Amino acid sequence: DMRVMEEMLRRTVVPLPNYETRDKSPPPPDSNSLDFMHFYRNLGKEQRLVFLEILSREYGVDHRGASEMARKLVDIQSRDLATILQAEDRLRYSLTPRYRHLLNHVSKVDGGVKFLVDLRAEVLDFTSKVTDSPHLRDLNSTLKSLLSEWFSVGLLRLERITWQSPCELLQKISQYEAVHPVRNWTDIKRRVGPYRRCYSFTHASMSGEPLVVLHVALTQDISDNIQSIVREFTTLDAVEEVEKINTAIFYSISSTQAGLQGVDLGNYLIKRVVRELQSEFPHMAQFSSLSPIPGFTSWLQGFLAQYRKDGRVTELLSEHEWSEVEEATGAVSGAAALDGLRSLLASGDWHHSERLARALEPVLMRLCAWYLYGEKRRGYALNPVANFHLQNGATLWRLNWNADTSPRGIANSCGIMVNYRYFLQETGINSKAYLHNKVITASEQVLSLVAQFQKNSKL
Ligand SMILES: CC(C)(COP(=O)(O)OP(=O)(O)O)[C@@H](O)C(=O)NCCC(N)=O
């Protein structure tokens with residue numbers, strides 16, 4: 001209960017050494033960290049929230065001390081630079097949460113870094129679902145700043161996963177695959193076989209644990225469909241012919257540690273793999289993703305409902321397009337046709353009718369282009385996968401019809417997939433333009449689809 005928690009914290013979260021002797025005081029015994037970890041692991045979910053609340057509230061920054069240091073700094077602004085720098089350093093030290101020293105010590109014991117990665121995953125879970133406590137948010141940002149230092153790209157190791165990798169690693173890679181689930185051994189064998197590459201980042205403190213995994217297909221052109229990558233039966237023992245390889249398609253990337261969210265590992269891995277492939281294939285000319293568009297169909301359902309409510313049904317489709325939908329749904333009026341369309345989209349049945357699919361292609365393509373390019377959340381792309389690649393500096397390059405004809409692909413994004421193209425000389429500029437000015441770099445194909453949408457709906 002609370003008393004036991006407070007006793008544990010009092011004992012293991014030692015006070016900050018004072019400024020003068022901060023570099024001379026010996027670190028606390030490892031037992032402090034081990035006891036803290038052991039105690040925390042034995043708490044239930046609710047108790048952990050209580051425990052972290054106390055830790056972050058009672059063992060954070062000494063607010064009074066910090067404001068005193070701030071006042072001192074203001075008072076000596078007329079003094080010489082050395083004095084000012086000294087006062088700034090004192091203020092900086094006074095703004096260090098007391099628990100930061102404990103977290104630092106935990107990172108030095110066996111399993112400590114993994115403990116802190118998992119701890120941050122729980123803190124993120126609490127702050128996103130359970131509470132908006134400012135203290136917990138502070139704890140999260142302290143954990144994130146520590147983890148970002150330890151997991152910086154120079155300390156990560158690039159590993160290539162092949163059919164010769166240990167079974168347990170291949171099994172982990174299969175389990176972690178979040179984008180196109182691995183069905184069986186043949187499946188994973190193909191994904192690490194000829195004309196494929198699979199890479200992960202690992203860290204010495206969590207050896208054997210792939211932190212983020214990138215799957216690549218080596219092709220002649222930029223793939224416009226996923227079936228040719230995850231299904232087509234390239235003979236598993238084919239020998240790669242270099243002249244058939246001049247493009248790298250990133251068709252799946254997944255981070256495996258929730259606690260490392262925001263540490264930007266996926267971006268680093270893509271950049272590192274590009275360099276790796278360039279050294280293996282110096283003539284490689286094209287780098288692109290082939291990405292899903294999770295959430296498009298459900299966004300579209302809401303969008304159509306809104307237009308129906310606003311009575312602007314006719315604005316979304318042309319006369320001809322509506323007549324095709326009415327023909328296919330047997331509906332007689334616009335609103336009924338729109339309801340018919342929505343239920344066809346919900347079931348995916350529209351895809352079985354050749355004629356209806358042909359009629360809907362221009363409609364869904366321009367709506368999807370708008371969804372990726374025009375729909376925003378706090379100014380950035382609403383779609384998380386688009387946001388990820390645009391942050392990396394990729395170009396919103398090409399929408400592909402019938403790119404994922406699996407039931408999942410039809411249900412999630414009406415079968416459409418998108419290529420985010422990495423023009424290596426432009427990623428730096430594009431990333432800055434996106435992050436600073438929220439500018440999305442898009443190709444002619446995408447911009448013309450967006451223009452068609454805007455013309456139709458007079459947006
Ligand atoms: C896309 C991923 C790999 C980006 O991870 P990362 O580069 O670490 O970004 P972030 O978490 O630092 O913002 C991550 O968000 C993820 O695993 N998403 C779920 C699977 C997917 N590819 O959408």
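Keep in mind the model is a prediction, meaning the values are calculated, not measured. Both ligands and their constituent atoms are indexed starting at 1 by order of listing.
- Aromatic rings from Y380 and Y434 are positioned such that their centres are separated by under 6.0 Å.
- Considering each of G266, S148, S289, the one bringing a non-hydrogen atom nearest atom 7 (O) of ligand 1 is G266.
- Those atoms of ligand 1 that come under 4.0 Å of a heavy atom in N267, given as number and element, are 7 (O).
- A ring-centre distance under 6.0 Å is not found for Y420 and F250.
- In V179, the part holding a heavy atom less than 4.0 Å from any atom of ligand 1 is the side chain.
- At a 3.5 angstrom cut-off on N or O pairs, S254 does not count as close to ligand 1.
- The atoms of ligand 1 that sit less than 4.0 Å from any heavy atom of G262 are 10 (P), 11 (O), 12 (O), 13 (O).
- Not a single heavy atom of V212 lies less than 4.0 angstrom from ligand 1.
- Ring pair F36/F51: centre-to-centre distance below 6.0 Å.
- For ligand 1, the atoms lying closer than 4.0 Å to a non-hydrogen atom of Q261 are 11 (O), 12 (O).
- By the definition of a contact as any protein heavy atom under 4.0 Å away, atom 3 (C) of ligand 1 is in contact.
- Closest of all the heavy-atom pairs between E149 and L155 is O-CD1, 3.7 Å.
- Remark: ligand 1 and S255 share an N or O pair separated by less than 3.5 Å (distance only, no angle test).
- Atom CD of Q286 is separated from atom CG of N419 by 10.0 Å, given to the nearest 0.5 angstrom.
- The two residues I173 and I161 come nearest to each other via the heavy atoms CD1-CD1, 3.9 Å.
- Close approach to F388 involves these atoms of ligand 1, each under 4.0 Å from a residue heavy atom: 4 (C), 7 (O).
- Proximity of a side-chain donor or acceptor of N140 to a complementary backbone N or O of L124 within less than 3.5 Å is not detected.
- Every atom of ligand 1 is numbered from 1 in the order shown, and the set under 4.0 Å from a heavy atom of V263 is 12 (O).
- Considering backbone and side-chain atoms together, V385 places no N or O closer than 3.5 Å to any N or O of ligand 1.
- Ring-centre distance between Y99 and Y59: not below the 6.0 Å cut-off.
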